[in-house]
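Here is the structure we will look at, set down as structure tokens.
Naming convention: chains lettered A, B, ... in sequence-line order (proteins, then strands); numbering from 1 in each chain. Values in this document were obtained by computation on a predicted structure and should not be read as measured data.
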Amino acid sequence: MTRSTGRVQAARAATGHAERAGRPRAGARGRPSGWRPSAAHRGNALHPGAWWLWAIGLGTAASRTTNPLLLGLLAAVAGYVVAVRRTAAPWARSYGAFVKVAFAVLAIRLFFAVFLGSPIPGTHVLLTLPQVPSPGWAQGVRIGGRVTAEGLLFALYDGLKLATLLVCVGAANALASPARLLKSLPGALYEVGVAVVVAMTFAPHLVADVQRLRSARRLRGRPDSGLRGLLQVGLPVLEGALERSVALAAAMDARGYGRTAAVSAGVRRTTAALTLGGLLGVCAGTYGLLTAEGAGYALPVLLAGVLAALGGLWLGGRRSVRTRYRPDAWGARAWLVAGSGAVVAALMIRAAALDPGALAPGVVPPAAPTLPLWPAAAVLLGLLPAAVAPAPPPAPAPPAGPAPAADGPAADVPAPRKERP
Amino acid sequence: MIRFEDVSVRYDGAPAPAVSGVDLTVPEGELVLLVGPSGAGKSTLLGAVSGLVPHFTGGTLHGRLTVAGRDTRTHKPRELADVVGTVGQDPLAHFVTDTVEDELAYGMESLGLAPDVMRRRVEETLDLLGLAALRERPIGTLSGGQRQRVAIGSVLTPHPAVLVLDEPTSALDPAAAEEVLAVLQRLVHDLGTTVLMAEHRLERVVQYADQVMLLPGPGAAPVLGPPAEIMARSPVFPPVVGLGRIAGWDPLPLTVRDARRRAARLRERLAAAAGAAGGAARTGRRPASAGGTAPGPGTAPDAAACPGTATGGALPARSGTARETGTARTADGRGARPGAGRFRLPGLGRGRPGRDPSREVPAQRRVADVDGLVVRRGRVEALRGVHLSIAPGETVALMGRNGAGKSTLLSALVGLVEPAAGSVRVGGLRPDRTGPGELIRHAGLVPQEPRDLLYADTVAAECAAADHDAQAAPGSCRALVSELLPGLADGTHPRDLSEGQRLALALAVVLTARPPLLLLDEPTRGLDYAAKARLVRVLRRLTGHGTEAGGGAPPGGPGQAGTVHSVVLATHDVELAAELADRVVILADGEVVADGPTADVVVASPSFAPQVAKVLAPGPWLTVAQVADALI
């Protein structure tokens, strides 16, 4: 990958997913069969934890550098893997939203640098905005004034770092099913986890409800746009959401959610003691770490607290009768995927220690960033999942292909209750 | 399997018990159908079996109810989860996970079954319900029938002894309903599951029932008995039973097949009556033919012959052609009848011979005109090149499977979706470019969920808001409500109304602006037969065909001096379409695949034909009312 294409591809990964998603798959099919990854199905699905570790690895690497070329390369790597390995599942569509948020973060960072000034001293003045005189008590705050190339550059690098981090998190979100990740939680936390996941699925429902009710306002002859319209549908929307939650709670109850096994009183008491004690320990330990005088006892207390809390969780799990249906196995592929992320992170940290200049190109005075060869090669290791992870099936039966924007299932799925206006 | 011992349920604050005096036993391996008018306590009884009543809903349960030996007083719903599987009215509200396979496993996970058992049962259930191809699909992408099957499968995997279903086919198109019912049939026959099911659309389910439990009204004690016996005295019954009652058949037929076997004599009587009707029609005695008595000015020769003396001769000839084809019940045999049906349905009775009566109305008089309409939703073309025009006073039924584009077409007519190509004109305006305040004077839509239209917390406030929105004289909406729903108190909260009452209120709200074009999306979902009959009467009056059941109703419709409404309904309910529609338009995959007079279109398709038509084919009768009128 050359210098210029890094950014270009990152941008394309962000905006042009519709056409990108099909192509690499076709390419994968053309490879010699020995290289071809097996088609993804339930049995060989990658452990969601592996995707998260991989993404955290890339994110860690991104946090170590401000070199825009390396950051672009990281974003491109994440984007490419998402493009070739994500499924048509609803959660996979969230990637587009994450990319949009990343761009927004970048834009906001630049906006602040332009209008609120930058602490970076600079000599290359690009333009001078009229400065708002600030009162004496707000001397540190400057509105308007000189905009220097150095300040802008610094803001750009900084924003790029944040944006790349967001892209990495988005990649994990799109590649790993949140529900499957939930299956890896300890038994005692499972029910809390279900509640969280169910709550998350309510957000799209709410959005759909708002849209439906706003269009219903049009049927009453009232304007369907504007803030007032939104406020007036608020109550019906909340009512609907409440009714749905009650219906879901009834269904879950009737399906055995919350069944518990009988455990002896001793175990129950031990669980409570361990959990409470553990949490207290964690609090005390954290406090000690943050204060100056607690340096001696903080770490042991924290560790003991964590251990006690874990023990409480483990014991608490005995109250749950749940079993797990086809949990994802942590196999060789998972090791490779998680490992590739870890290696990228480790190599980048090492490179930052060896050659800080290459990873943080000069801002004062501005210098053209160069692509350091070895760190760039290390970043490319993050592409490993694109080769080892199972490939999603070519085309899902409904035309619910990888839509770039997360416009929800309602848009492309003919469903009986979704066909309302 | 399920024993009710003098069970009664009373909700907190309710003046009377929702159900009382339930004292019966449902034996193992039977499919028991709960029938009764809305509000008779069907859902309460179902909830009691799964333990949700009273543990989840509140209220007090007297007496004793045991399911597979477990007393619901001491067992919470979650402790009954392994013996009772419950599927509510809305399968979407039932799903906890996001893919089909996980959903099937969820219940078993909660019960703590061993992983190998879970795996085996998921595979078995996938095969049993025909879901194997969908196993990894996200649930959001499934069709209605598939969702209902997944919901049933998800409660089947723990191998419950009892399956409790609340209106499993109400929201489904006829084909998807068959799919679900076939599965239930199989469960009862192959696995010996006891199925307890409530359903309003009896014409779909009554033939599968081993026993019927009749709840005659709120608080009245239910009766359990063989279907034919119960149907003889039930206040709610499918058309085929209505036909049997008129014809005096005993035992009553429950299936089209039973009825056909006995219908030979009835068909002869009807043919004779129709012959006589040719003469009688002139007197305008029978409303069904009343529309045909006055041949319109543009009547074609064969249409002119219809209400006259030729009809008597025409009918035997038609039966003759059908017999020649050997299979009188095939779609083609019936569909080919020339101009059948023109002498029953009021709208058709105007004697227009064409396939599309509205085409003959000059363009400027048409209420709505859709030309080559294309609508895109995301990347899917929800509608492709749809043509439709609607004449004043016409009733058009839009039919087709779930997701065929019916609702999208209705939305396009009120400007909720923008055409990607083609044009929509309602009263000469482009709905998507017209302000809402102006548009409601031309077209009004009652959405699938009438509640979406209602914001206020009393009926009176709702009516006042509607008058204001429509800039109508204060009190016009309230007058409409009083006509549609006599005796409705001003202070009632819209949420406390029954489905039928809520629909009527929404209808009144929409009618306040007097739109010439009235659109209804799936109006009969959740309505019992009585509410449906009321709706039919109201809509008939609105379209100016109010001579029939409405008695002395003003011809202009309720409070609508001079406004003749055209009605377009999107519906899965073939009986409703047969009773109400002049014209049926069938959509498939966003395209119009059939458009013509109800009798021709509906009867030509085995899944869209109403029961009476199936029984009396090749005769031209579609509804029980028509048969009853013919036999006077």
Side-chain angles (χ1 to χ4, degrees), chain A residues 41-42 88-91 177 179 194 198 201 212-213 215-224 232-233 235-236 239 244 247-259 261 320-326 396-401 403 407 409-417 419-421, chain B residues 50 52 56 77-79 81-82 86 88 90 92-94 96-98 101-102 105-115 118-119 136-138 140-141 143-144 155 171-172 377-380 402-403 407-408 411 414 416 436-437 440 444-445 447-449 452-453 455 469-470 509-510 513 521:
Chain A
H41 54 85
R42 176 68 185 243
W91 61 82
S177 149
V194 167
V198 166
T201 59
R212 207 183 72 237
L213 284 163
S215 59
R217 280 178 58 80
R218 196 178 151 82
L219 302 177
R220 287 287 297 259
R222 305 176 193 182
D224 55 350
Q232 282 193 350
V233 301
L235 199 61
E239 266 176 23
R244 207 173 15 235
L248 181 65
M252 285 171 71
D253 200 3
R255 290 172 72 185
Y257 176 80
R259 273 165 85 108
S320 157
V321 291
R322 293 191 58 83
T323 45
R324 276 162 205 188
Y325 174 75
R326 296 184 82 179
D407 34 17
D412 44 16
V413 178
R417 311 209 84 196
E419 56 180 356
R420 294 169 181 158
Chain B
S50 57
L52 290 172
F56 196 85
R78 66 187 75 146
E79 285 144 14
D82 49 338
T86 312
D90 179 9
L92 266 188
H94 171 95
V96 184
T97 65
D98 44 15
E101 205 177 336
D102 284 326
Y106 178 80
M108 295 188 291
E109 287 183 323
S110 300
L111 299 179
L113 295 182
M118 288 200 279
R119 184 69 199 274
E136 294 191 3
R137 282 267 294 274
T141 66
S143 75
V155 297
L172 303 182
R377 295 213 152 165
R379 283 200 242 157
V380 183
N402 287 332
S407 297
T408 309
S411 305
V414 288
L416 290 179
I440 56 167
L445 169 69
Q448 222 171 65
E449 194 67 73
D452 290 356
L453 276 190
Y455 306 111
D469 289 337
V509 163
V510 166
D521 197 352

Under 4.5 Å from any heavy atom of chain A, what part of Ser50(B) do you find: side chain, backbone, both or neither?
neither
Region of Glu109(B) that comes under 4.5 Å of a non-hydrogen atom in chain A
both
Spacing of [atom1] belonging to [X] relative to [atom2] belonging to [Y], to within rounding of 0.5 Å:
X	Y	atom1	atom2	result
Arg326(A)	Met118(B)	CZ	CE	11.0 Å
Arg255(A)	Met108(B)	CZ	CE	10.0 Å
Leu111(B)	Arg322(A)	CG	CZ	9.5 Å
His94(B)	Met252(A)	NE2	CE	11.0 Å

Closest approach of [X] to [Y] (non-hydrogen atoms, all atoms of both residues):
X	Y	answer
Ala251(A)	Ala93(B)	CB-O, 4.0 Å
Gly256(A)	Ala81(B)	N-CB, 3.5 Å
Phe56(B)	Asp253(A)	CD1-OD2, 3.8 Å
Arg218(A)	Pro436(B)	O-CB, 3.7 Å

Report yes if the side chains of Leu416(B) and Leu219(A) come closer than 4.5 Å at any heavy-atom pair, otherwise no.
yes
Could you tell me if the side chain of Tyr106(B) sits less than 4.5 Å from the side chain of Tyr257(A), heavy atoms only?
yes
Among [options], who wins on heavy-atom pairs under 4.5 Å with chain A?
options	value
Pro77(B), Ala114(B), Gly88(B), Ala105(B)	Pro77(B)
Thr86(B), Thr97(B), Leu453(B), Val509(B)	Leu453(B)
Val510(B), Val155(B), Ile440(B)	Ile440(B)

Short N-O contact, Arg212(A) and Glu449(B), less than 4.0 angstrom
no
Please classify the contact of Arg220(A) with chain B as side chain, backbone, both or neither, using a heavy-atom distance under 4.5 Å.
both
Side-chain donor/acceptor of Thr323(A) to backbone N/O of Leu113(B), under 3.5 Å:
yes
Under 3.5 Å, is there a donor-acceptor pair between the side chain of Tyr325(A) and the main chain of Glu101(B)?
no
